[in-house]
Engineer: 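Below you'll find the structure I mean.
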2 protein chains.
Amino acid sequence: MARAVPETHDEILAAAARLFAVTGYRGTSLQDIAREVGCSKATVLYHFANKEALLAELMAPAIAVLKDLDDQLTGLTGAVAQQAAAVGFVDLAVRFRGEIALLRGEFTELLCQPAFAHIQQISERLRAALAGHSDRPVDRITALVLLAGIPEACADFVDIPDDDLRSALLTLVRRAVEPVDTLMPHPPTTEDKDS
Amino acid sequence: MARAVPETHDEILAAAARLFAVTGYRGTSLQDIAREVGCSKATVLYHFANKEALLAELMAPAIAVLKDLDDQLTGLTGAVAQQAAAVGFVDLAVRFRGEIALLRGEFTELLCQPAFAHIQQISERLRAALAGHSDRPVDRITALVLLAGIPEACADFVDIPDDDLRSALLTLVRRAVEPVDTLMPHPPTTEDKDS
DNA sequence: TCAGACCCTGACCGATCGGTCAGATGGAAG
DNA sequence: CTTCCATCTGACCGATCGGTCAGGGTCTGA
């Protein structure tokens with residue numbers, strides 16, 4: 001047998017992506033992946049140190065872009081940071097919605113794995129930026145709802161053109177997020193009155 | 001041993017709730033629950049047909065209220081349905097955020113289990129109502145983001161008073177959702193122009 | 001021709017899981 | 001005392017999981 005083409009690595013990656021998208025990460029065993037590729041489970045583990053490493057390689061591009069966004073955000077403050085976070089995150093979610101869909105709701109859970117430990121800190125900073133670094137509940141909650149909801153929505157709308165999805169999401173974010181500058185020197189706003 | 005008090009059933013339920021909230025449903029084994037209660041795994045399975053039944057009983061109150069909301073929504077259309085869906089869903093999420101937190105991100109995944117099959121249809125109808133039964137991508141996407149994001153946010157803000165959380169979420173929803181009546185006879189709106 | 005790197009495999013491992021079952025215990029009813 | 005039933009348990013089961021390992025085939029380069 002052996003030595004068909006040394007593309008087994010990529011074939012495994014592709015098979016894993018396909019299966020993860022249908023049955024989820026946890027719901028897909030190494031055996032399943034091996035069967036899909038047409039090789040043995042041991043072969044899968046020859047090309048990847050373990051199951052988590054497989055997932056990590058699958059998510060690497062998305063994570064790299066997320067890290068870029070985080071870098072761009074450091075130093076920015078106020079409405080500028082807010083705007084950059086919004087546009088950057090929406091773009092990220094839309095571009096990598098395939099990868100997001102892979103995780104099928106295991107999203108939050110998976111990020112707790114040691115391999116993705118730093119992601120949590122990044123998303124923490126992203127959330128703060130999107131909230132305009134405000135500590136008002138409304139702003140913090142809004143940021144959290146968007147940050148959790150947008151990836152979920154992206155995973156659901158896989159058959160819509162990128163541009164349509166992006167512009168719809170930006171419309172939503174623009175409506176939902178109140179620019180932080182309008183309340184920077186904290187004068188009473190309409191929000192503060194009716195609480 | 002045996003026959004301490006016949007409250008074992010409730011003790012198991014409470015222990016399961018505690019553990020699910022920390023380690024999640026999948027991450028908690030029947031063994032773990034038994035250990036927490038101080039009984040054998042077999043005892044847990046004496047009181048509950050299986051692990052899923054335990055979860056179902058834990059979620060029963062929340063599901064009942066969700067079903068009520070669904071009933072109230074049937075027959076309503078347009079902005080009335082939209083408003084009712086928004087208020088009802090936010091209230092539901094806030095009241096049962098403890099139960100939601102139990103699932104720790106397994107939310108979407110768990111609802112695929114056969115015991116919760118009908119929940120999917122309900123949430124489908126809820127989404128449609130929240131979108132004002134519009135088929136514009138912006139509206140459908142907004143509804144989805146909110147429906148996915150709100151529970152997630154509620155699970156995170158466990159230490160905030162109910163009323164504060166509720167009013168913050170309602171403010172967000174009111175901002176994010178465009179009342180469907182303003183575009184019913186579909187005249188060009190500002191949204192349509194800039195896309 | 002031979003050595004060694006590379007690729008692949010079947011057999012196997014220990015752990016864990018949800019779930020079953022026959023039987024022990026003990027209080028209540030007759 | 002005997003019967004009955006609810007409660008509880010240890011031992012056990014089959015399945016599945018991620019992961020290891022020794023070894024076999026094949027290509028390459030000296």
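Everything numeric in this text was worked out from a predicted model, so none of it was measured. The chains referred to below are lettered A, B, ... by the order of the sequence lines, with proteins before strands, and numbering in each begins at 1. Just so it is clear, the values below take in all heavy atoms, side chains as well, and ignore hydrogens, waters and symmetry mates.
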Engineer: With sequence neighbours excluded, give me every salt bridge (Lys or Arg N to Asp or Glu O under 4.0 Å) pair touching residues 111-124 of chain B.
Structural biologist: E124(B)-R127(B)

Engineer: Quick one: salt bridge (Lys or Arg N to Asp or Glu O under 4.0 Å) partners of E36(B), sequence neighbours excluded?
Structural biologist: R18(B)

Engineer: Please list, by residue number, the residues of residues 22-46 of chain A whose heavy atoms come closer than 4.0 Å to an atom of DNA chain C; answer none if no residue qualifies.
Structural biologist: C39(A), S40(A), A42(A), T43(A), Y46(A)

Engineer: Separation of F48(B) atom CZ from dT20(C) atom P, in whole Å?
Structural biologist: 15 Å

Engineer: Just how far, in rounded Å, is C1' of dC7(C) from CD1 of I12(A)?
Structural biologist: 11 Å

Engineer: Rounded to whole angstroms, how far apart are NE2 on H9(A) and P on dC7(C)?
Structural biologist: 11 Å

Engineer: Not counting sequence neighbours, which residues clear salt bridge (Lys or Arg N to Asp or Glu O under 4.0 Å) with D91(B)? List them please.
Structural biologist: R95(B), R166(B)

Engineer: With sequence neighbours left out, what residues match R125(B) under side chain to side chain contact (heavy atoms under 4.5 Å, CB included)?
Structural biologist: D70(B), Q121(B), I122(B)

Engineer: Measure from NZ or CZ of K41(B) to the centre of the six-membered ring of Y46(B) and say whether it is under 6.0 Å with the direction within 45° of the ring axis.
Structural biologist: no

Engineer: Under 4.0 Å between a side-chain N or O of T8(A) and OP1 or OP2 of dC7(C)?
Structural biologist: no

Engineer: Ignoring backbone atoms, establish whether H47(A) has a side-chain N or O less than 4.0 Å from OP1 or OP2 of dC8(C).
Structural biologist: yes

Engineer: Partners of T77(A) by side chain to side chain contact (heavy atoms under 4.5 Å, CB included), sequence neighbours excluded?
Structural biologist: none

